[in-house]
**Q** 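Before anything else, here's the structure in question.
In each ligand, atom 1 is the first atom listed, and ligand 1 is the first ligand listed.
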Amino acid sequence: MQSNSRRQFLRFLAASPLAARALGQAPPTGAGDVLSIADFEAMTRGKLPPAHLGYLLSGVDDDLTLAANRQGFQKWDLRARRLVDASKTDMRTEIFGTPWETPIFLCPVGGQGAFHPEGEIAVARAAKAKKHLQILSTVTSHSVEEVRDALGTAPWYQLYMPTTWDGTERMVRRVEEAGCPVLAWTVDLLGGRNTETATRGARQDTRNCVSCHVDGVGSLASRPMLKGIDVGINPREANWSYVERLKKMTRMKLVIKGIDGAADARLCRESGADGIIVSNHGGRATETLRSTIETLPEIVDAVGGRIPVMIDGGFRRGTDIFKALALGARAVGVGRPYIFGLAAFGQPGVERVLDLLRGELALTMRQCGTPTLKDITSASVGKRI
Ligand SMILES: Cc1cc2nc3c(=O)[nH]c(=O)nc-3n(C[C@H](O)[C@H](O)[C@H](O)COP(=O)(O)O)c2cc1C
């Protein structure tokens, strides 16, 4: 833990313009100079006001699930093969019949106006330029229609279910009309949460938060996708019959986001869900869970290839992504990494984050002798004992 904090401090120094000057290094002047997701994180720490930084970095309680997501990757090693022609890498994949150039997608992250004035629009432009799948949050700062126009195609839509079926139906119709092909219902926040780190950040903030968060653009009521829906979100009484009802309500594919183990993965399949996102909300929902990468093998096993399994949580390196692909994930999502890029540089920052992750994944594929995604199998990783 101590050496982790030291490493984080050194990373902060490395990305801090003052420290860089003191060390005789040029600070990053543009997104292209930033070397890693960790360096982007360090830049973000110096850039955002404490309340917004706290919101971004927060887990719940003591942030143990958040830490577990990162630690989980260290439980697997790579198993490299040599003398395979990997001069050309191909990371194309397909989800619900749509081809993608890469398995890396942008997770739904709410309220991106808190990180950059262009928020989800800048992210959509980056996703379009780099050809990545974007999932838009229900609590987005920009409407699904605006984001669709910036992205050039409708994004997947993440649903925080309104607390009435009438509200849910109105939201579903709106995103269907916008052309969204997939609805990803987040089911891991129905019981509430204790985001202590976020609260501590907000208490350090000396700005007048009330003017924005009570009546202004930061308030939940002002979010464009909640306009006209005069009820709350995340019904506590929801159960598995809701999946069946939601599925019947829409022609969109239905993905369940927030699955944490084999038993629920089986229920997803039996309830008619079209796909699963293995996720613990980036450690922001339930404390002391396993890392998502540790839960992945049992979930892949439980669905037996019948529906695609996607994953997010703590992915910061190409090697992390490679491990998830080896353990059976169809696609891998990042949340905070692209927000670090957004906060630091806007659209070019998001593009650089995507380039870094893609570049690192291609490098790992070459070095492991697995030039295509099909070549990455369970034999490409080994569990540490
Ligand atoms: C600031 C922030 C806001 C988020 N907002 C949402 C949201 O609105 N809906 C949702 O389903 N998940 C939300 N998430 C969770 C992400 O979709 C994703 O599961 C998580 O960020 C992945 O972990 P990572 O940040 O370590 O990559 C949010 C995450 C962060 C960090």
Side-chain angles (χ1 to χ4, degrees), residues 37-38 40-41 44 48 51-60 63-73 104-116 119-120 123 132-142 144 147 155-161 171 182-190 193 195 197-198 201-202 218 220 223-226 233-234 255-260 276-286 289 291-293 295-296 310-317 320-321 324 329 331-343 350 353-354 356-357:
I37 307 305
F40 266 114
E41 175 172 353
T44 306
L48 288 177
H52 294 182
L53 186 66
Y55 168 61
L56 177 61
L57 298 182
S58 193
V60 283
D63 297 343
L64 295 174
T65 305
L66 177 71
N69 277 346
R70 288 294 304 136
Q71 288 154 7
F73 295 111
I104 304 165
F105 68 89
L106 299 163
C107 291
V109 168
Q112 294 176 20
F115 308 117
H116 188 276
E120 291 83 357
V123 171
H132 286 253
L133 163 64
Q134 179 184 12
I135 310 185
L136 186 69
S137 164
T138 289
V139 290
T140 172
S141 304
H142 293 272
V144 69
V147 170
W156 287 20
Y157 183 76
Q158 176 268 328
L159 179 73
Y160 279 138
M161 186 182 275
M171 191 177 281
V182 178
L183 189 67
W185 180 26
T186 299
V187 296
D188 57 17
L189 255 194
L190 299 172
R193 60 178 170 178
T195 48
T197 298
L220 213 53
R223 300 298 161 100
M225 300 311 293
L226 295 176
I233 49 174
N234 287 329
V255 166
I256 305 298
K257 177 174 185 279
I259 295 302
D260 177 46
I276 288 174
I277 302 181
V278 179
S279 175
N280 53 36
H281 218 107
R284 300 164 73 80
T286 311
L289 293 178
S291 65
T292 53
I293 193 78
T295 65
L296 180 63
M310 293 150 271
I311 184 170
D312 70 35
F315 290 84
R316 303 291 181 267
R317 287 285 188 189
D320 303 335
I321 298 168
V332 175
V334 288
R336 293 180 186 86
Y338 79 85
I339 300 296
F340 297 147
L342 176 70
V350 180
V353 163
L354 294 171
L356 281 171
L357 290 172

**Q** Write down, by chain and number, every protein residue that brings a non-hydrogen atom to less than 4.0 Å from an atom of ligand 1.
**A** Tyr55, Leu56, Cys107, Pro108, Val109, Gly110, Ser137, Val139, Gln158, Tyr160, Thr186, Lys257, Ser279, His281, Gly282, Arg284, Asp312, Gly313, Gly314, Arg316, Val334, Gly335, Arg336, Pro337

**Q** Between Phe73 and Phe315, is the ring centroid distance below 6.0 Å?
**A**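 Yes, ring centres under 6.0 Å apart.
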
**Q** Would Arg336 and Phe40 count as a cation-pi pair here, with the cationic atom under 6.0 angstrom from the ring centre and within 45° of the axis?
**A**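 No.
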
**Q** Tell me, please, which residues at least two apart from Asp320 pass salt bridge (Lys or Arg N to Asp or Glu O under 4.0 Å).
**A** Arg70

**Q** Does a donor on one side chain sit under 3.5 Å from an acceptor on the other, for Thr65 and Asn280?
**A** no

**Q** Taking all non-hydrogen atoms of both residues, which atom of Glu120 and which atom of Gln112 are closest, and how far apart?
**A**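 For Glu120 and Gln112, the tightest heavy-atom pair comes out as OE2-N, 3.0 Å.
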
**Q** Can you confirm whether the side chains of Ser279 and Asp312 place a donor and an acceptor under 3.5 Å from each other?
**A** yes

